[in-house]
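Position 1 is the first residue of the sequence; numbering continues from there. Everything numeric here is computed off the predicted structure, so don't read it as measured data.
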Amino acid sequence: MATITTYALLQSAVTEWLARDQDATLIARIPTFIQLAEAKFNRELFVRQMETRSTTVCNTTDSEPEFISLPSDFQSMRRIRLSSVTGKPLLQFMSNTQLDEYRYGIGNTSGQPRYFTIMGTEIELCPTPNSNYTVEMVYRANIPPLATNDPNWLLTLAPDLYLYSALLESAPYIKEDGRLQVWGAGFQSALEGLNRLGLTSTFNAGPMTVRTSGMTP
């Protein structure tokens, strides 16, 4: 079997491991198995490569400058701050209700944003920006799908995870197959190994000091 370095080679490997290369209907479903595998990765994989940074600028000429669109690959927020302001102050999270109450309490006056909430595919800032602030986000992102990002970082890092997961996603189609237990064990081992690597590569970069919020070094 060739080294799995591309989307096409992954599909070939899945075909080979299924040992049903004459089953055209099954082979045609392999991209779907890979897509389902990626959906599972986005729910169950936690590695630093899934964290990314993005910046955007508030546009005070908009009718609602307090609303900013989230990146299309957004999953969850890690940090958000005003990078164009001295000290790059962090914004604090509020629930939708808390933000509404705060906005009402200040008479919906504009100013430098201090709080944010997430609603659907947008971030809402409060107070409403009174200037075109640059907003920097660090967030957990979905894995770039192989079908349109070939290869992506995950295939390069863990071709075994892709292979075993795609094979496992074939289970509803092939039904009874004695290899399912082996594929399941391979998937679980690869997933757990990557998640352990995610922890060690994040927290083993140096000694960690616990500080109370607001403390200076």
Side-chain angles (χ1 to χ4, degrees), residues 35-145 147-149 152-154 191 194-195 198-217:
Q35 180 187 26
L36 294 173
E38 289 176 328
K40 186 177 292 183
F41 301 158
N42 284 323
R43 295 190 299 269
E44 300 183 15
L45 187 62
F46 296 90
V47 293
R48 61 178 173 78
Q49 289 87 347
M50 296 179 75
E51 293 192 350
T52 190
R53 185 167 62 96
S54 176
T55 59
T56 188
V57 178
C58 304
N59 186 353
T60 53
T61 64
D62 285 348
S63 59
E64 295 180 308
E66 68 271 30
F67 290 99
I68 297 174
S69 295
L70 286 165
S72 60
D73 60 351
F74 177 86
Q75 255 200 33
S76 59
M77 191 68 74
R78 290 289 185 264
R79 183 191 74 205
I80 180 170
R81 64 186 182 183
L82 302 180
S83 61
S84 59
V85 175
T86 301
K88 299 184 178 182
L90 291 172
L91 302 184
Q92 301 299 315
F93 176 79
M94 280 186 172
S95 69
N96 292 339
T97 300
Q98 290 173 324
L99 202 73
D100 286 343
E101 290 173 348
Y102 179 80
R103 191 182 297 282
Y104 179 79
I106 63 173
N108 196 27
T109 56
S110 61
Q112 179 179 308
R114 297 176 57 196
Y115 304 102
F116 79 98
T117 195
I118 294 175
M119 181 172 55
T121 59
E122 294 180 308
I123 300 169
E124 182 180 356
L125 304 176
C126 193
T128 298
N130 62 348
S131 182
N132 294 338
Y133 297 99
T134 299
V135 178
E136 178 189 272
M137 294 169 272
V138 175
Y139 64 96
R140 173 180 161 86
N142 286 319
I143 295 162
T148 53
N149 299 266
N152 62 15
W153 62 263
L154 183 56
L191 180 70
L194 273 180
N195 280 333
L199 284 173
T200 58
S201 65
T202 299
F203 295 109
N204 282 4
M208 183 169 64
T209 302
V210 177
R211 300 183 187 275
T212 303
S213 179
M215 286 181 60
T216 56

Leu45 and Leu194: side chain to side chain contact (heavy atoms under 4.5 Å, CB included), yes or no, with the steps? CA-CA 8 Å; Leu45 187 62; Leu194 273 180; 3.8 Å; yes

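- Remark: side-chain polar atoms of Ser84 are paired, donor with acceptor, to backbone N or O of Thr134 under 3.5 angstrom.
- Counting heavy atoms from C-beta outward, Ile80 and Leu90 have side chains that stay 4.5 Å or more apart.
- Under the 3.5 Å distance criterion, the side-chain polar atoms of Asp73 are left unmatched by any main-chain donor or acceptor of Asn142.
- Checked by atom type and distance alone, the side chain of Asn96 never pairs as donor or acceptor with a backbone atom of Met119 at under 3.5 Å.
- Remark: the backbone N or O of Pro144 is paired with a side-chain donor or acceptor of Asn152 at under 3.5 angstrom.
- Using a 3.5 Å distance cut-off with no hydrogens or angles, the side chains of Thr128 and Arg103 do pair a donor with an acceptor.
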What verdict does the side chain to side chain contact (heavy atoms under 4.5 Å, CB included) test give for Val135 and Leu125, after you've listed the backbone C-alpha separation in whole Å, the side-chain angles of each residue and the deciding distance to 0.1 Å? CA-CA 10 Å; Val135 178; Leu125 304 176; 4.3 Å; yes

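- Side-chain N or O atoms of Asn132 include one that pairs as donor or acceptor with a backbone N or O of Thr60 at under 3.5 Å.
- Between Met94 atom CE and Ile118 atom CD1 the span is 14.5 Å, to the nearest 0.5 Å.
- The closest donor-acceptor contact from the side chain of Glu51 to the backbone of Arg48 lies at 3.5 Å or more, if one exists at all.
- In this structure, the side chains of Ile123 and Thr117 stay at 4.5 Å or more apart for every pair of heavy atoms.
- Distance check, rounded to the nearest 0.5 Å: CZ of Arg114 to SG of Cys126 gives 9.5 Å.
- Proximity of the aromatic rings of Tyr115 and Phe93 is defined here by a centroid distance below 6.0 angstrom, and this criterion is not met.
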Evaluate side chain to side chain contact (heavy atoms under 4.5 Å, CB included) for Leu154 paired with Val47, printing each intermediate quantity in order. CA-CA 10 Å; Leu154 183 56; Val47 293; 5.9 Å; no

Residue pair Arg81, Leu91: steps toward the side chain to side chain contact (heavy atoms under 4.5 Å, CB included) verdict: CA-CA 5 Å; Arg81 64 186 182 183; Leu91 302 184; 5.7 Å; no

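- Between Phe116 and the choices Glu66, Met137, Glu124, Met77, the side chain to side chain contact (heavy atoms under 4.5 Å, CB included) rule is met once, by Met77.
- Of the possible polar contacts, none joining the Asp62 side chain to the Ile68 backbone as a donor-acceptor pair under 3.5 Å is found.
- Using a 4.5 Å heavy-atom cutoff, the side chains of Ser110 and Pro127 are not in contact.
- When each of Arg78, Lys88, Arg79 is checked for a salt bridge (Lys or Arg N to Asp or Glu O under 4.0 Å) with Glu136, only Arg79 meets the rule.
- No donor-acceptor pair under 3.5 Å is formed between the side chain of Asn108 and the backbone N or O of Tyr104.
- Classification of the Tyr139-Phe74 ring pair by plane angle, with boundaries at 30° and 60°, yields tilted.
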